[in-house]
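In listed order, ligands and their atoms are each counted from 1. Values in this document were obtained by computation on a predicted structure and should not be read as measured data.
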Amino acid sequence: MVKLGVNVDHVATVRQARKTDEPDPVVAAIMSELAGADGIVAHLRGDRRHIQDRDLLLLREVVRTHLNLEMAASEAMVKIALDLKPDMVTLVPEEPNEVTTEGGLNVLQSYQTLSETIPPLRDEGIVVSLFVDPDVNQIKAAAKLRADYVEIHTGLYAEAKDASEELAELEKIQDVAAVAAKLGFGVSAGHGLTYQNVRPIAEIKEVEELNIGHTIVSRAIMAGMEQAVREMISLIR
Ligand code: PXP
């Protein structure tokens, strides 16, 4: 049964629009868990545009399922992760002017940095995941690093302009999921998934977990957090 990790970043985005104290991503996380979410995901960006350090400290205290910290592979972030001890760290590329994470890690180019970032996290018992594009070469390069999971970037699938492009992107994700599982990685997927496009990804047998944020928070504004999470769970299972 595929698991759902709810990314609460965009609850914080609404809060930061006013630099006030509501809505609170910590409350959203608790409500997501009450609705059946298997985990909570939060991305601490270098520019702190949404999630703040305070949010992570509180999330670490209240999350009872599984806390996945998304972060760049930088020394400052590794230090934060080692203090916080999330259950999982997902390493993502980070560009200062991007609206959202625009693609997977270039594992080949960042090999040295990644090979220095992963061991201290794993030594602390933190499970490490690498966010990668559906590209077999990236997965093969990742195999040489001692990461536990790969999260396959579903952004191009989500942005496909027509059904044939969508199918081509889906096939790439299916192929890469199979290769990743054969290489011994746990496999998750996410980015850009919606209530409309999630099912074919949830049906990929190697995919253990989906990490979904924007569409759930968007529905939550209209229908409430618990209902939004419950509806996503019933779609993916
Ligand atoms: N997975 C990763 C690695 C991400 O960076 C994000 C966005 O923060 C997500 C999943 C969730 O993407 P979305 O908000 O589009 O569901």
Side-chain angles (χ1 to χ4, degrees), residues 2-14 16 25 28-29 32 37-52 55-56 59 66-73 77 81 86 88-96 98-107 110 114 127-135 138-139 142 147-160 169 173 176-177 180 185-199 201-202 207-221 225 228-229 231-233 235-236:
V2 69
K3 292 180 180 169
L4 175 65
V6 176
N7 179 315
V8 294
D9 292 352
H10 296 307
V11 177
T13 301
V14 177
Q16 295 311 111
S32 299
D38 302 286
I40 301 300
V41 189
H43 184 176
L44 186 69
R45 296 188 75 106
D47 63 10
R48 305 298 195 269
R49 70 173 72 159
H50 39 54
I51 293 292
Q52 306 296 305
D55 301 329
L56 279 176
L59 285 171
H66 181 264
L67 180 62
N68 179 353
L69 168 62
E70 269 183 38
M71 60 178 223
M77 286 296 160
M88 177 184 266
V89 159
T90 300
L91 296 173
V92 299
E94 213 173 278
E95 298 296 333
E98 65 189 0
V99 174
T100 179
T101 313
E102 280 172 359
L105 292 161
N106 188 333
V107 180
S110 323
L114 291 170
V127 174
V128 177
S129 179
L130 303 176
F131 185 52
V132 288
D133 288 330
D135 171 346
Q138 293 291 342
I139 303 287
D148 306 282
Y149 271 76
V150 289
E151 176 174 342
I152 303 173
H153 178 223
T154 50
L156 290 177
Y157 162 80
E159 284 164 18
E169 291 300 330
I173 296 167
V176 160
F185 287 113
V187 181
S188 57
H191 208 280
L193 296 175
T194 65
Y195 294 86
Q196 290 73 32
N197 68 19
V198 75
R199 284 183 77 156
I201 302 291
V207 172
E208 296 170 28
E209 182 167 52
L210 297 175
N211 293 320
I212 307 180
H214 187 265
T215 202
I216 291 177
V217 173
S218 303
R219 187 164 292 205
I221 288 172
M225 198 70 198
V229 171
E231 286 175 17
M232 184 55 80
I233 289 173
L235 264 178
I236 69 176

| Under-4.0 Å salt bridge between Glu208 and Lys3 | no

| task | For Arg48, enumerate each residue passing the salt bridge (Lys or Arg N to Asp or Glu O under 4.0 Å) test, keeping only those at least two apart in sequence or located in another chain. | result | Asp53

| remark: Which of Val217, Asn7, Val198, Val6 passes side-chain contact (heavy atoms from CB on, under 4.5 Å) with Ile212? Answer is Val198

| ligand 1 atoms in contact with Asn7 (distance to a heavy atom under 4.0 Å) | 8 (O)

| query | Against heavy atoms of Ile212, which atoms of ligand 1 measure under 4.0 Å? | reply | 16 (O)

| Looking at atom 11 (C) of ligand 1, what's its closest protein heavy atom, distance included? | Asn211 O, 3.8 Å

| remark: Going by the 4.0 angstrom heavy-atom rule, the piece of Glu70 near ligand 1 is side chain

| Note: Glu98-Arg45 ion pair, threshold 4.0 Å (strictly below) | yes

| field | Option of least heavy-atom distance to atom 1 (N) of ligand 1 (set: Glu151, His10, His191) | value | Glu151

| query | Would you say ligand 1 has an N or O under 3.5 Å from any N or O of Gly192? | reply | yes

| Candidate with minimal heavy-atom separation from atom 14 (O) of ligand 1, of His50, His214, His43, Met71 | His214

| said: The test is side chain to side chain contact (heavy atoms under 4.5 Å, CB included); show your working for Leu156 and Glu159 and say whether it passes. | reply: CA-CA 5 Å; Leu156 290 177; Glu159 284 164 18; 4.2 Å; yes

| said: With side-chain contact (heavy atoms from CB on, under 4.5 Å) as the test, pick out the partner of Val107 among Val150, Asp135, Leu114. | reply: Leu114

| query | How does Asp9 reach ligand 1, by side chain, by backbone, by both or by neither, if only non-hydrogen atoms under 4.0 Å count? | reply | side chain

| Residues forming a side chain to side chain donor-acceptor pair (under 3.5 Å) with Glu70, sequence neighbours excluded | His43

| Any Thr215 heavy atom less than 4.0 Å from ligand 1 | no

| Nearest protein heavy-atom contact for atom 16 (O) of ligand 1: which residue, which atom, what distance? | Gly213 N, 2.8 Å

| query | Using 30° and 60° as the class limits, which term best fits the ring planes of Phe131 and His153: parallel, tilted or perpendicular? | reply | perpendicular

| said: Please list, in number order, the atoms of ligand 1 under 4.0 Å from a heavy atom of Val92. | reply: 3 (C)

| message | Taking 4.0 angstrom as the limit and counting only heavy atoms of Phe131, give me the atoms of ligand 1 inside it, by number and element. | response | 3 (C)

